Every structure is written in C-alpha cells, then in structure tokens.
Colleague: 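One structure is given below, represented as structure tokens, and several questions about it will come after.
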Amino acid sequence: MAATSARVVVAGASMAGLRAAEQLRAAGWTGAITLVGDEPHMPYNRPPLSKEVLAGKAPFESLAFRPRASVADVEWRLGTRVVASRLAERTVVLDDGSDLSYDGLVAATGMRPRRLRCPGPLAGRHTVRTLADAQGLRAELTRPGARVVVVGAGFIGCEVAATAVGLGAAEVTVVDPLPLPMVGPLGELLGRALLARHEERGVRFALGTGVAGFAGEDRVTGVILDDGTVLPADVVVESVGSLANTEWLGGNGLDLTDGVLTDEQLRVGGRSEVVAVGDVARFPNARYDGVPRRVEHWCIPTDTAKHAAKVLTGAEPAPFAPLPTFWSDQHDFRLQSFGAPALGMDDVRVLEGDPAGDVLVGYHRDDRLVGVVALGGPAIASAAARHRADLLKQPALTA
C-alpha cells in the first residue's frame, strides 16, 4: 500500500487504536492517519478503573497514555463514532452522517460490557468500562453503609468486590451462576483458593445462582436471585461479560459471531487493506491450536497492533503467535498469568507453594506446559515470569 497521499483510518481511539497508529509509523507508514473514537478523552489505561481509580488512589491524568512523537501529526476525531462501513468502496460512515474514505482500515473498536436483561429499575446499576463509569460508581461506593452486590465473579467482578471492601462498604456480595469465582479462566484449584481469600477479607458469595430481577421502584433496593432470595443492595455492579463492537462492520459478508474474525495475519474478510486489533479481533494463534479466539488481555492491543501494522504496510511476517499475559490485583494479592491456561484445564499441577498460601500452578496439554498462573505476593508472581521463556520455546500445539 503506497504511503504518499494515502490514508489509514483507525476505527477506535482507545489503547488499541493508539498502538496501531504508533506501530504504523514504526513500520514505515508516512501517509495520513485518522483515529475515530466515541469517547471524548485521549486514550487511557483501563485496568486501574476497577482498582486504583475506583479506590480514589489514581487521578485521570495518571491514566492517560503519552503518545509517541511519531504520531504527533495524526488526526484525532474524538467524541465521534463509526456507525457503518462499505468495505468494497473503502469507506466508513460516521455518526454525523459524513463519509470517510481510506486506503487502509484498522478495526479497533473494542468491546462494551454486557448488561443484564432483568425486570426492575435501572438507577443504581453500574458497569465498569470507561472513566465516567468508574467515577459514577465511586461516588456511590463511598456513601456510608453502602450495600454492594456484584453480579459476575470474573476479573472485573472480583476486582470491584475487593475495592468495595477496601472502601468500607457495609456489605459486599458477589453473585455468579458458576460454582467458584473465575473458574473459567483459572479452573477449580485456583477458583477455590480465590474464594477462600475473598471470604477471609469480608466478601460474601452467592454462587450457583443467577439474577431473576431487581427490587425497587425508582432505584434498585435489592437483587432477586433465581430461588427468590432478595439480597439488599444500594449499589449493583454488573460484570457479566462483554460484547464486541462490530455492528458498524455489518453488511460486508464478514463473520462477526464473536468479534471480527481474522486470518493468521489479522486480515479481515480476505482483504489486504483491512486488519483488526485489540479486544475486537478474533484471531487464530499459531502458538496453539489455530482456533480463532477473542482475547481481552492488556497485552493484546500492543501485540496485535505491531503485527497488523506490518501486514498493512505490505510485509508478510510469520503467522501471528502471541503469548497471552494477564494480571489481576485483588485485595493484597495478585494473579499473574502467562500462556493459555484455558487450554490445559484437564491437567493442572501445583508447581510451587501451596493453594492455602502463595502458589504457582501449571496447566498442561498432552503433558506439555501451556500456561502458568501465580496467586499471592511478588515472589510467586516473579516465579511465574520465570516460566515465560519456557512457554515461548514450546512447539505449536496440534488441533
């Protein structure tokens, strides 16, 4: 793709969009770059929203990314949303009705929180995805005597529950239809260990049950469980998964089942001029079994942007094969993971320590280590990091 008077449009101006612009410049793109994003803010770091920002320990200014000097000349269209696209015509449509033509397109529109569809009032129900979400939720969590119900025992749910306890909430209860917190990404062994740690620090759990509705007239006063039990609630946090922002790509014959399906080079729909990066991309990982998956870890925007920028500027690198990494700070401990634990749930082994204390767990497939997760303090997190090189050396899995 010639870079003289050509333009790349990046749909999405969060971390993935910023990294895409930076990596395009690093890959030699000298043409115009336009980033379009629906939030009014420049890109900022989202993981602290459910922890430091919610706890009042980090101002917004500390979250904003500092763009590289190489993207000082890019055009930012903030507070603007891409609502449609005509890939055959190389055009996207903005929410003001205007068209924007491109020579290259980066889909970086990320995801939004899934919401519960249950009867009851809306006031008092929150999600945590944006700065405005965190600010609004903090204002309610800091009210004296707040009774908090968190629906969903995944990453965000457990982090918010820990933060609410730290803020002095009168009651914090986590509801989830699964039998253990974070059992999907961690498995039963660490799920049980995580449950014990949260309970020791004052978090209550209602597991193996769902939400049937919300009590109250103008505002939530309680959460009605499937068995009819009502949990008193002044504040409800919904952390029940995510939906990829793909609607704007509809009508182009793409597979948008769960995110934007790409090939092993992050190309979309077989088009060399369209790539997807970040949370919205559903890509096969050549390091593992080649099954396309959407990955919401913090490292993925940078990893996908670096690879996609090379592809968009005409290179043909080796198939995309990132090593997924995540961490989660809860209370006074950390979860630190490298690799793909979900692919090794049938063979989980304690590598160091003990589940009752600091522990390092290995996940194996066909007797091969595919992921590690540490639970505890800095020392055990460092032990997990030492396995990173071993995971990188492993040959690709077979399907």
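All values derive from a computational prediction rather than experimental measurement.
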Colleague: Please work out whether the ring planes of Y44 and H41 are parallel, tilted or perpendicular, with thresholds of 30° and 60°.
Modeller: perpendicular
Colleague: Tell me whether the count of non-hydrogen atoms from other residues, nucleotides or ligands lying under 6.0 Å of CD in E316 goes above 12.
Modeller: yes
Colleague: Side chains of T109 and W248: is there a donor and an acceptor less than 3.5 Å apart?
Modeller: yes
Colleague: Would the number of heavy atoms belonging to other residues, nucleotides or ligands and lying under 6.0 Å from CD of E188 be above 12?
Modeller: no
Colleague: Has D227 got more than 12 heavy atoms of other residues, nucleotides or ligands less than 6.0 Å from its CG?
Modeller: yes
Colleague: For the atom pair OG1 (T163) and CD (Q330), what is the distance rounded to the nearest 0.5 Å?
Modeller: 9.0 Å
Colleague: Working to the nearest 0.5 Å, report the span between CG of L167 and CZ of R143.
Modeller: 13.5 Å
Colleague: With side-chain contact (heavy atoms from CB on, under 4.5 Å) as the test, would you mind laying out the steps for V203 and R197 before giving the verdict?
Modeller: CA-CA 9 Å; V203 180; R197 282 164 170 76; over 6 Å; no
Colleague: Quick one: does D38's side chain get under 4.5 Å of T80's, heavy atoms only?
Modeller: no
Colleague: Do S242 and E296 have side-chain atoms, one donor and one acceptor, less than 3.5 Å apart?
Modeller: yes
Colleague: Using a 4.5 Å cut-off on heavy atoms from C-beta on, say whether the side chain of L391 contacts that of V370.
Modeller: no
Colleague: Taking P378's backbone N and O only, do any of them form a donor-acceptor pair with S382's side chain (distance below 3.5 Å, no angle check)?
Modeller: yes
Colleague: May I ask you to say whether R204 pairs ionically with E199, meaning some side-chain N is under 4.0 Å from a carboxylate O?
Modeller: no
Colleague: Do the rings of F283 and F320 sit parallel, tilted or perpendicular, given the 30° and 60° boundaries?
Modeller: perpendicular
Colleague: Using side-chain heavy atoms (C-beta onward) and a distance below 4.5 Å, is R125 in contact with V237?
Modeller: no
Colleague: With a 4.0 Å cut-off, would you call R112 and E247 a salt bridge?
Modeller: yes
Colleague: Report the C-alpha distance between R334 and D329 in whole Å, list the side-chain angles of each, state the deciding distance to 0.1 Å, and finish with yes or no for salt bridge (Lys or Arg N to Asp or Glu O under 4.0 Å).
Modeller: CA-CA 4 Å; R334 166 171 284 200; D329 293 318; 2.6 Å; yes
Colleague: Checking side-chain polar atoms at under 3.5 Å, does E159 have a donor or acceptor matched by the opposite partner on S328?
Modeller: yes
Colleague: In terms of hydrophobic clusters joined by side-chain contacts under 4.5 Å, are F205 and V235 together?
Modeller: yes
Colleague: For side-chain contact (heavy atoms from CB on, under 4.5 Å), just list the numbers for L94 and R77, CA-CA rounded to whole Å, side-chain angles, deciding distance to a tenth of an Å, and then say yes or no.
Modeller: CA-CA 10 Å; L94 309 186; R77 296 198 183 185; 3.4 Å; yes
Colleague: Report yes if some heavy atom in the side chain of R46 is under 4.5 Å from a heavy atom in the side chain of W298; otherwise report no.
Modeller: no
Colleague: Establish, for the pair R19 and F65, whether the NZ or CZ atom is under 6.0 angstrom from the six-membered ring centre and no further than 45 degrees off its axis.
Modeller: yes
Colleague: Do V106 and V9 have side-chain heavy atoms sitting under 4.5 Å apart?
Modeller: no
Colleague: Can R267 and D263 be counted as an ion pair, charged N to O under 4.0 angstrom?
Modeller: yes
Colleague: Does the distance from a Lys or Arg side-chain N to an Asp or Glu carboxylate O, for D390 and R388, drop under 4.0 Å?
Modeller: no
Colleague: Short question: side chain of T130, backbone of D133 - any donor-acceptor pair under 3.5 Å?
Modeller: yes
Colleague: Ignoring hydrogens and geometry, is there a side-chain-to-backbone donor-acceptor pair from D255 to L261 under 3.5 Å?
Modeller: no
Colleague: Is it true that D234 and R219 have a side-chain N and a carboxylate O under 4.0 angstrom from each other?
Modeller: no
Colleague: Mind checking whether L375 and F333 have side chains closer than 4.5 Å, heavy atoms only?
Modeller: yes
Colleague: Would the distance check show the side chain of D347 and the main-chain N or O of G344 forming a donor-acceptor pair, the cut-off being under 3.5 Å?
Modeller: no
Colleague: Which is it for L116 and F214 under the side-chain contact (heavy atoms from CB on, under 4.5 Å) test, yes or no, and what are the steps along the way?
Modeller: CA-CA 10 Å; L116 291 170; F214 297 96; 3.8 Å; yes
Colleague: Group every Ile, Leu, Val, Met, Phe, Trp and Tyr by side-chain heavy-atom contacts under 4.5 Å, then state whether V277 and L87 land in the same group.
Modeller: no
Colleague: Any carboxylate oxygen within less than 4.0 angstrom of a Lys/Arg side-chain nitrogen, looking at D258 and R114?
Modeller: no
Colleague: Could you check if a side-chain atom of V92 sits within less than 4.5 angstrom of a side-chain atom of V83, using non-hydrogen atoms only?
Modeller: no
Colleague: State whether the side chain of W29 and the backbone N or O of A26 hold a donor-acceptor pair below 3.5 Å, judged by distance alone.
Modeller: no
Colleague: Measuring from D358:CG to I380:CD1, what's the distance to the nearest 0.5 Å?
Modeller: 6.0 Å
Colleague: Could you tell me whether E140 and R138 make a salt bridge, using a distance below 4.0 angstrom between a side-chain N and a carboxylate O?
Modeller: no
Colleague: Can you establish whether the number of heavy atoms outside K306 located under 6.0 Å from its atom NZ is more than 12?
Modeller: no
Colleague: Salt bridge between R68 and D73, side-chain N to carboxylate O under 4.0 Å?
Modeller: no
Colleague: Give me the ring orientation class for F326 and H297: parallel if the planes are under 30° apart, tilted from 30 to 60°, perpendicular past 60°.
Modeller: tilted
Colleague: Check whether any side-chain heavy atom of P317 lies under 4.5 Å from a side-chain heavy atom of V311, and answer yes or no.
Modeller: yes
Colleague: Are R287 and E264 close enough for a salt bridge, meaning some N to O gap below 4.0 Å?
Modeller: no
Colleague: From R271 CZ over to R90 CZ, what is the distance, rounded to the nearest 0.5 angstrom?
Modeller: 8.0 Å
Colleague: Please report the closest heavy-atom contact between A16 and G278, naming both atoms and the distance.
Modeller: CB-CA, 4.0 Å
Colleague: If you count heavy atoms of other groups shown closer than 6.0 angstrom to CG of D354, is the number above 12?
Modeller: yes
